[in-house]
Participant: 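Below are the structure tokens for one structure; questions will follow.
This structure is a prediction, so every number in the text was calculated from the model and none was measured. Residues: numbered from 1 along the sequence shown.
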Amino acid sequence: MASTIGLLSEKHFLCSLCEDIFSRPVTTPCGHSFCKVCLRKYWSRSGSGRCPLCGKTFVSRHHLSVNRTLADVTEHYRKTRPDSKIKALSLDGLLNEAVNVERMIEQRVQKVDKLRRSLKLLKSSCLREVQESQRVFSALLSSLEEAHKDMVAAVEQKQKEAEKRVDRLVDALEKEIIELKQTKAENPVDSKEHLKKVSALRKSFSDLPKEMRDWSKVNLETDPCVGFTRKAVVGFMNIVTVEANKLSKAEVRRLQKYSVEVSMNRHTAHPHLAVSEDRKEVRHTGKLQEVPENPKRFDRVINIVAKEAFSSGRQYWEVEVGDKTEWDLGVAKQSVNRKGRFTVSPANGFWMVSLRNGSQYIANTLPPTGLPLVIKPRKVGIYLDYNEGHVSFFCVESGAHIYTFTDTFSEKLHPIFCPGRPHGGKNTAPLIITTSCCSI
């Protein structure tokens, strides 16, 4: 029977009134079958006892009894039809599905709106940056032109002074030459008269500056403007530096919106290091402590990394260094060597800036890059732009840019800290993470 039913198409089990599979089917005297409820509703609406298919009218409405055979066959078909494993949605299910679809539409509409708003903000930000660059570069160009004009004026002034000096001396000497020639031509016999004329010649030099009166010792410096251009450039560079520091300070304020929560992972700390309860401070204890063995722990180099690791986006955090005379800060790859000694450099997975001997700032490149800082930072801001491959360091107080590493990152990066050695108690203060996480 099952194989025979399987050969029939679904249309043999459909009620022509509701176009769905029979539910409690009944069969009229003319041989047509319908759902019992569907046929009653039809007769009630039409007010007659006609067959919905052939139109045959029954004198009296036929007593409707469920066709058990057809009902059993229909139920069997319902269970064995090819899509029987697909659960039919109930009315509640359909409603829930409609709600879900509506929610999906709403989420996508909101995302589109957010993207458009973000793009609008991006365009505004780019426009502001262009306008700011125009203002800054226009001012710098004006300063450059002014510096050049001042330098040219100084050179011209130097030349005029030399010309005036030479002209006065030459005039005096030429006058003396003429008078000496006249004296020589006269061949004076009266020595007193001769001395009187020589004295008069010497008096003619009294109008000259003191340093020029003895003309035999007067020399003309033929290269009086040496260094003028360099000094002008240095002066302009100082103006550029001042402007760059202003921009850097504004940049730090903008970067602070990318502040993230950073805390130290005490399981990575070298045995000499002590971490505060809130995991925001680390200091050198001056002695080895008993700590559990951990493959992530540094055992020779006095480092500790943060619990957090970053593999995309922008992050910013600040570390208070105070008056410490030695420290190291930056980021390190998750896979860096933590056992034994190693060279801290980008090639080995470290992007770090260091302080040594209280005033020697270094970017740990190969070879190391000296950093001539004017102001000693008491708080250092570290900014990571993972996607762009930048790690930047700033003096938070002055806003001065310290250094930027540029590289390509391929794995997670951890903030890394080293408070330095105590140096007889001069460097015992802790490094303190002071970042307050911002809501963007």
Side-chain angles (χ1 to χ4, degrees), residues 130-249 357 359-361 367 369-376 395 398-403:
V130 169
Q131 291 172 338
E132 177 69 1
S133 69
Q134 289 174 338
R135 181 194 68 78
V136 171
F137 280 94
S138 294
L140 289 176
L141 286 173
S142 178
S143 297
L144 181 61
E145 291 173 356
E146 191 66 29
H148 181 248
K149 187 188 298 182
D150 291 344
M151 189 217 72
V152 171
V155 171
E156 290 176 346
Q157 180 63 28
K158 204 76 172 174
Q159 179 179 327
K160 287 178 182 178
E161 289 174 356
E163 288 174 349
K164 185 178 179 180
R165 184 183 180 201
V166 169
D167 287 344
R168 291 180 67 183
L169 183 57
V170 168
D171 287 345
L173 287 171
E174 287 179 341
K175 183 178 178 182
E176 184 176 358
I177 290 170
I178 292 170
E179 293 182 353
L180 284 171
K181 285 180 177 180
Q182 290 176 348
T183 301
K184 179 181 177 183
E186 292 174 357
N187 191 19
V189 293
D190 187 347
S191 60
K192 289 184 178 181
E193 185 65 24
H194 176 72
L195 290 173
K196 185 178 179 181
K197 288 185 177 182
V198 171
S199 178
L201 287 172
R202 288 176 179 174
K203 191 176 180 182
S204 67
F205 282 86
S206 62
D207 294 334
L208 294 175
K210 187 176 181 180
E211 66 274 9
M212 293 175 61
R213 290 173 188 172
D214 185 357
W215 58 265
S216 63
K217 295 181 180 180
V218 174
N219 292 305
L220 181 65
E221 178 55 66
T222 59
D223 196 7
C225 301
V226 63
F228 274 37
T229 301
R230 177 190 56 79
K231 291 174 183 177
V233 171
V234 170
F236 176 69
M237 288 175 63
N238 290 336
I239 295 173
V240 173
T241 300
V242 170
E243 192 62 44
N245 287 339
K246 290 179 183 177
L247 294 172
S248 181
K249 195 163 188 174
N357 303 318
S359 59
Q360 185 182 359
Y361 294 90
T369 301
L371 305 174
L373 300 190
V374 176
I375 299 175
K376 181 177 180 178
C395 172
S398 67
H401 172 254
I402 298 174
Y403 190 77

Participant: Do the side chain of S248 and the main chain of A244 share a donor and acceptor less than 3.5 angstrom apart?
Facilitator: no

Participant: I'd like to check E132 versus L247 (side-chain heavy atoms, cut-off strictly below 4.5 Å). Are they in contact?
Facilitator: yes

Participant: So which of R168, E174, K175 actually passes side-chain contact (heavy atoms from CB on, under 4.5 Å) with D171?
Facilitator: E174

Participant: Please confirm whether the backbone N or O of S138 pairs with a side-chain atom of S142, one donor and one acceptor, at under 3.5 Å?
Facilitator: no

Participant: Please say which of M151, E156, K158, Q159 ends up in a side-chain contact (heavy atoms from CB on, under 4.5 Å) with C225.
Facilitator: K158

Participant: Between R135 and E243, does any NZ, NE, NH1 or NH2 come within less than 4.0 Å of an OD or OE carboxylate oxygen?
Facilitator: yes

Participant: Report yes if some heavy atom in the side chain of Q157 is under 4.5 Å from a heavy atom in the side chain of E161; otherwise report no.
Facilitator: yes

Participant: Answer whether the closest heavy-atom distance between the side chains of H148 and F236 falls below 4.5 Å.
Facilitator: no

Participant: Report the distance from atom CD1 of I402 to atom CD1 of I375, rounding to the nearest 0.5 Å.
Facilitator: 10.5 Å

Participant: If we only count heavy atoms from C-beta on, is the N245 to T241 side-chain gap below 4.5 Å?
Facilitator: yes

Participant: Kindly indicate whether the side chain of K149, heavy atoms from C-beta on, has any atom under 4.5 Å from the side chain of E146.
Facilitator: yes

